[in-house]
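What you are looking at is a predicted structure, and each value in this text was computed from that prediction instead of being measured.
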Amino acid sequence: MKEIDRINYYVNQIKKKIDFNPQLAIVLGSGLNDFADTIDKVASIDYKDLDGFVRCSAEGHVGRFVFGYINSVRVVVMQGRVHYYEGYDVADIVLPLRVMYYLGARNVIFTNAAGSMREDFKPGSFMVFYDQIAFLVKSPLIGNNLESIGNRFVDTTDMFDKDFRKLLLKIGKENGIDINEGVYIQAAGPQYETVAEMRAFKLWGADAVGMSTACECNAALQLSMKMAAISCITNYESGLNLTSEPLTHSQVQLMGQKANQALEILIKQFVKQAKEVNLLD
């Protein structure tokens with residue numbers, strides 16, 4: 001099956017279940033699932049209820065689309081994503097995003113959990129991407145290109161919308177949320193980064209590292225979606241020698257869960273204010 005046919009297959013399955021045309025897509029990362037329960041929900045569709053669709057195997061990722069409203073803006077929330085380390089091909093990883101685009105979403109906010117490579121980017125804070133690096137992760141643009149999806153060769157300069165970034169930073173500061181801008185790097189995982197890798201990443205200019213998102217952002221760029229991406233900083237990387245505790249996925253989830261209230265403020269205020277100044281396409 002051609003990729004565009006596969007996308008349309010799932011779009012049609014969803015449309016048979018719900019008549020909803022989202023404006024904004026929101027992708028939730030590890031430990032950040034609670035946000036989906038705070039919107040004015042219209043319906044939800046589990047990934048497992050879509051024939052042959054991707055399934056989440058990572059702990060803390062529910063695996064469903066949630067449809068509803070935030071301040072009268074139509075949104076679709078991915079309550080859980082799939083990852084490269086789960087063994088999926090990159091086309092499967094970005095499939096949910098492409099489906100949300102073909103349902104109508106032209107704007108997207110990505111979230112994830114990430115480790116900090118800077119002492120001043122503390123656990124519990126947030127980082128808005130102003131650029132990204134994909135390390136040993138296949139690009140979703142590789143392969144036979146479909147013009148209906150987008151151009152094969154895309155300019156990555158300023159891929160994260162400047163107005164979106166500026167607004168998120170403003171909202172964070174206004175609400176006493178520790179938020180910064182930085183460069184994110186996606187590693188393949190699932191092992192956490194070695195001290196040597198972290199040192200290399202810092203030399204490349206990265207500020208935080210995780211195991212998702214960069215490949216999804218590349219897919220969104222090809223679709224010409226306006227986007228922002230936010231990392232919840234859940235831990236310091238081991239090479240900083242700021243903690244003696246071994247890093248575990250449960251710790252990452254716990255810190256993400258603690259950040260849910262601040263994330264709710266960030267995203268809901270973003271949607272409200274972006275709507276007021278006509279930033280959402």
Problem set entry | Check against salt bridge (Lys or Arg N to Asp or Glu O under 4.0 Å), Glu86 and Arg55 | CA-CA 10 Å; Glu86 292 174 72; Arg55 308 284 182 89; over 6 Å; no
For this session: In plain terms, say whether Lys138 and Asp89 are close enough for a salt bridge, that is, a side-chain N and a carboxylate O under 4.0 Å apart.
Result: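 A salt bridge is present here (some side-chain N lies under 4.0 Å from a carboxylate O).
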Problem set entry | Check ion pair Lys162-Asp158 (N to O, under 4.0 angstrom) | yes
Closest approach of [X] and [Y], non-hydrogen atoms and distance?
X: Val94; Y: Cys215; value: CG1-O, 3.8 Å
X: Phe67; Y: Val76; value: CE2-CG2, 3.6 Å
X: Val90; Y: Pro140; value: CG1-CA, 3.8 Å
X: Cys56; Y: Arg81; value: SG-O, 3.4 Å
X: Asn112; Y: Leu32; value: O-CD1, 3.9 Å
X: Arg118; Y: Ser116; value: O-OG, 2.7 Å

Check for a donor-acceptor pair, side chain of [X] on one end and backbone N or O of [Y] on the other, with a separation under 3.5 Å.
X: Ser125; Y: Ile179; value: no
X: Gln186; Y: Ile133; value: no
X: Asn151; Y: Gln222; value: no
X: Arg64; Y: Ile45; value: no

Less than 3.5 Å apart, any donor N or O on the side chain of [X] or [Y] sitting next to an acceptor on the other?
X: Asp51; Y: Tyr9; answer: yes
X: Ser139; Y: Asn218; answer: no
X: Asn71; Y: Gln273; answer: no

Exercise. Going by the angle between their ring planes, with limits at 30° and 60°, are Phe129 and Tyr184 parallel, tilted or perpendicular?
Worked result: parallel
For this session: Indicate the ring-plane relationship of Phe201 and Trp204, choosing parallel, tilted or perpendicular according to the 30° and 60° boundaries.
Result: tilted
Distance (rounded to the nearest 0.5 Å) between [X] [atom1] and [Y] [atom2]:
X: Ile14; Y: Asp19; atom1: CD1; atom2: CG; result: 12.5 Å
X: Asn260; Y: Ile265; atom1: CG; atom2: CD1; result: 11.5 Å
X: Leu263; Y: Phe270; atom1: CG; atom2: CZ; result: 12.5 Å
X: Asp161; Y: Met225; atom1: CG; atom2: CE; result: 12.0 Å
X: Ile4; Y: Asn8; atom1: CD1; atom2: CG; result: 5.0 Å

Exercise. Are Tyr47 and Phe65 an aromatic pair by the rule of ring centers under 6.0 Å?
Worked result: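 Between Tyr47 and Phe65, the centre distance is under 6.0 Å.
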For this session: Could you check Arg6 against Asp92 for salt bridge (Lys or Arg N to Asp or Glu O under 4.0 Å), going step by step and ending with a plain yes or no?
Result: CA-CA 10 Å; Arg6 188 168 73 131; Asp92 295 320; 2.7 Å; yes
Problem set entry | Met117 and Ile185: CA distance, side-chain angles, deciding distance, side-chain contact (heavy atoms from CB on, under 4.5 Å) verdict | CA-CA 11 Å; Met117 292 183 282; Ile185 184 168; 4.0 Å; yes
Exercise. Is there a side-chain contact (heavy atoms from CB on, under 4.5 Å) between Thr111 and Val27 once you walk through the steps?
Worked result: CA-CA 6 Å; Thr111 72; Val27 181; 5.7 Å; no
